[in-house]
Colleague: 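Sharing a structure below in structure tokens format, with a few things to ask.
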Amino acid sequence: MFVYSGDVFPSDTRNASAEKDTECDTPRIRGSSNLVRSTSIPSLKLFSDGARLKPAQTPVTPRHSKPIKRFVSEANLHKPATTPDCYTNVHLETPRIKLEPDDEVISLREETSNLTVGVRVRPLNAKETAGSGVTSVVAVDGSEVKVMCDSGVEHSFTYDHCFWSCDPQHPQFGSQEVVFTTMMQPLIDKAFQGYNTSLFAYGQTGSGKSYSMMGPDVGQEVGIIPRFCQELFDRIASLDDSTVSCSRSVSESACVEVSYFEIYNEKIHDLLAEASDGGKRPPLKVREHPQLGPYVVDLSVHSVSSYKDIQSWLTIGNSQRATAATGMNEKSSRSHSIFSVVLTQTQEEMLNDEQHKLSRRSRVNLVDLAGSERLSQTCASGKRLREGVSINRSLLTLGKVIAALANNSNSKRKVFVPYRDSVLTWLLRESLGGNSRTAMLATISPANIHIDETLATLRYACQARTIVNRVRVNEDPHERLIRELRAEVERLRLVHDDHEKQEEVGSLHKRLIASNKLVAELTEELQKAKHEMQETEENLVSSKLNYEQQVKQLQDSLEQQRAALEEMQRYKSQLEIHEANQLCKQLNINIELQQNQHEGVMVHDLEKRRVLHWKTSTFFQWLQQLRDYTP
Ligand code: ADP
Ligand code: MG
């Protein structure tokens, strides 16, 4: 097995020296036999839900048919241009507006960011499938891409992400959505944090760069750029007003500006500008601003407010791109296209009735490079050949720049980075080796007939993976200072609130302890009281029992006493009757005696007897009453 270690230049550079002169006209605009330039705008469709969009209304140009703003034009530049036009290669030292890689001290504001590389293998096309002896020699295994040469040597390369787009059933099948999610979503996240981001599609002609970046105009298969635009506006829509505290409210808004240009034969063409005289647009120039770095003079920049707006501009730009049929691709892009979005996020903060504005600006560059050409394979001649040479020159320089940046990232011995050797590298200097989080999507064909190009692309991508950029959030230093101070104030306020809360919690804690103590005491007392109550209850129960017993005893004794009394009464009455009878007998005896002794004194005796009778009957009455008496 052969594992690539890294310092081989792309093989497609072999024709770069074939052409020394550079053309200044725009040959692509007028009819070459197989040059395709579309003037009508195809119908648009939304990809998110697969629903078709209505065809663009006529006129087809977006709402802002005129650019609302020029990025930096000569008129508003304070300083005169210091660099020559784009189509003259300038071999000057690149001015350094960022930290040199050999500086040991990295600014506190800067972070390092490795270039992320993904490799996508497209399916065999109809021509390859039909060709005899064409086989697939590429395999993907996790983060490894393996290429099996005819000689039996296996080359193995490791990347951040690998996408196998040949077979939907494959576990690592890389659909358009998967590629977008993996490669672009992290960059979008960073863009919303205020970082510059870039994504390059690099690969052989016909390997799927444009398919991955732009995709078909319609349906679920749309590429990274339209998906990015949709995601951009979805996220912007979700930015809303929020109130952090009663004294502080924050509202966020975002503004999006787009530009779209291509570098064709080392000349820059604005794809969104209106043609002035009969469809021929003059090529634009590149200048270098002391602070902003390289820029395209008079490039149109358009403000967009919705996905539909941006899609219209994309359609216009795509229709202006220079494409041509080559031996390898029916509709080969003959230029490098750069779709650039500037996202400005403004945060308005109301703090104690004072308004503060903070803004962050991030540039997102989406670059669809022209195919790395092997002139023998593309069967190019004449104009196509010249285009191919130009394309190769840019890619040769890109290769040199990547090699130099990779060297500088990995070794102490720094080498010169030849950004200015091509317009492409000069313009994308920041994306390649500066303040940008960058990703590269390398596209390859699995066919054995393209094995050399495939290996060249894979080595190129391997080298790019070692580049380390230094990135920072793009915001005004004063605004940043204010933001940081405000954040510090907010932090201190929170600490203070926390402290107060802690104090409050402390006092509450003390009170809680006291309450707990009280509760414990009361509980103890309650237990005591309960205990006492229980005892009292028990006493009561026993007292009740005693009382009942006593009552019963009393009742019994009363009953006995009553019986005794009755007995006594009975006895008494018998005794009284007996006494009365005795008395009567005695009386009768006396009466008879008196009758015998005093026969003559009848009247007097009669009277006495009457009295005695009265006394006797009274006595019997009393006796009867006494008998009837019941106590
Ligand atoms: P490049 O831009 O690299 O020259 P293109 O993107 O134009 O190549 O792709 C060439 C052809 O291959 C197109 O017809 C495209 O539809 C097809 N193609 C490329 N990649 C894929 C893929 N992943 N799945 C299906 N078809 C693809
Ligand atoms: Mg293309």
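We count ligands from 1, going down the list as the structure has it; atoms in each ligand are counted the same way. Please read these numbers as outputs of a predicted model, since none were measured by experiment.
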Colleague: Does Thr205 bring an N, O or S atom to within less than 2.8 Å of the Mg ion (ligand 2)?
Modeller: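 Looking at Thr205, which is the residue asked about, there is no N, O or S atom under 2.8 Å from the Mg ion (ligand 2).
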
Colleague: Under 4.0 Å, counting heavy atoms only: does Met213 come that close to any atom of ligand 1?
Modeller: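 The answer is no: ligand 1 sits nowhere under 4.0 Å from a heavy atom of Met213.
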
Colleague: Report, in ascending order of atom number, the atoms of ligand 1 lying under 4.0 Å from any heavy atom of Arg120.
Modeller: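 Once the distances to Arg120 are compared, the set is 23 (N).
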
Colleague: Under 4.0 Å from a heavy atom of Gly208: give me the atoms of ligand 1 that qualify, with their elements.
Modeller: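 Close to Gly208: 1 (P), 3 (O), 5 (P), 6 (O), 8 (O), 9 (O), 19 (C), 20 (N).
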
Colleague: Surrounding CD of Glu177 (heavy atoms of other residues, nucleotides or ligands, distance under 6.0 Å), is the total greater than 12?
Modeller: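 No, the 6.0 Å shell around CD holds no more than 12 heavy atoms from other groups.
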
Colleague: Less than 4.0 Å is my threshold; does some heavy atom of Gln204 fall inside it relative to ligand 1?
Modeller: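 The answer is yes, since Gln204 has a heavy atom less than 4.0 Å from ligand 1.
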
Colleague: If the condition is salt bridge (charged side-chain N to carboxylate O under 4.0 Å, His left out), which residues does Asp189 pass it with, not counting sequence neighbours?
Modeller: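 Result, salt bridge (charged side-chain N to carboxylate O under 4.0 Å, His left out) vs Asp189: Arg235.
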
Colleague: Go through it in stages, so that I can follow the logic: the residues are Asn435 and Asn469, the test is side-chain hydrogen bond (donor to acceptor under 3.5 Å, both in side chains), and I'd like the CA-CA distance, side-chain angles, deciding distance and then a yes or no.
Modeller: CA-CA 7 Å; Asn435 174 25; Asn469 280 355; over 6 Å; no

Colleague: Quick one: does Lys209 get an N or O within less than 3.5 Å of an N or O on ligand 1?
Modeller: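 Checking ligand 1 against Lys209, an N or O pair does fall under 3.5 Å apart.
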
Colleague: Closer than 4.0 angstrom: is that true for some heavy atom of Gly206 and an atom of ligand 1?
Modeller: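 Gly206: in contact with ligand 1 (<4.0 Å).
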
Colleague: N/O of Tyr211 under 3.5 Å from N/O of ligand 1, yes or no?
Modeller: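 Yes, since at least one N or O of Tyr211 sits under 3.5 Å from an N or O of ligand 1.
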
Colleague: For Thr205 and ligand 1, answer yes if some heavy atom of the residue is under 4.0 Å from a ligand atom, otherwise no.
Modeller: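 Contact present.
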
Colleague: Is it the side chain, the backbone, both or neither of Ser210 that has a heavy atom closer than 4.0 Å to ligand 1?
Modeller: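 Looking at Ser210 and ligand 1, atoms from backbone and side chain both fall under 4.0 Å.
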
Colleague: Can you tell me which portion of Ser212 lies within the under-4.0 Å heavy-atom range of ligand 1? Options are side chain, backbone, both, or neither.
Modeller: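 Neither part.
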
Colleague: List for me each residue that meets ring pair (Phe, Tyr, Trp, His ring centres under 6.0 Å) alongside Phe180, sequence neighbours excluded, and say none if there are none.
Modeller: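 Checked Phe180 against ring pair (Phe, Tyr, Trp, His ring centres under 6.0 Å); zero matches.
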
Colleague: For the atom pair CG (Asp167) and CD (Gln172), what is the distance rounded to the nearest 0.5 Å?
Modeller: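 With rounding to 0.5 Å, CG (Asp167) is 12.0 Å from CD (Gln172).
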
Colleague: Taking NZ, NE, NH1 and NH2 as the nitrogens, is one of them in Arg363 or Glu257 under 4.0 Å from a carboxylate oxygen of the other?
Modeller: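 Salt bridge between Arg363 and Glu257, a charged N being under 4.0 Å from a carboxylate O: no.
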
Colleague: Taking the six-membered ring for Trp and the full ring for Phe, Tyr or His, determine whether the centres of Tyr260 and Phe339 are under 6.0 Å apart.
Modeller: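 Close enough - the centres of the two rings lie under 6.0 Å apart.
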
Colleague: Closer than 4.0 angstrom, basic N to acidic O: yes or no for Lys267 and Glu262?
Modeller: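 So Lys267 does not pair with Glu262 through a salt bridge.
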
Colleague: Under a 4.0 angstrom heavy-atom cut-off, which atoms of ligand 1 come close to Ser165?
Modeller: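 Every atom of ligand 1 under 4.0 Å from some heavy atom of Ser165: 23 (N).
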
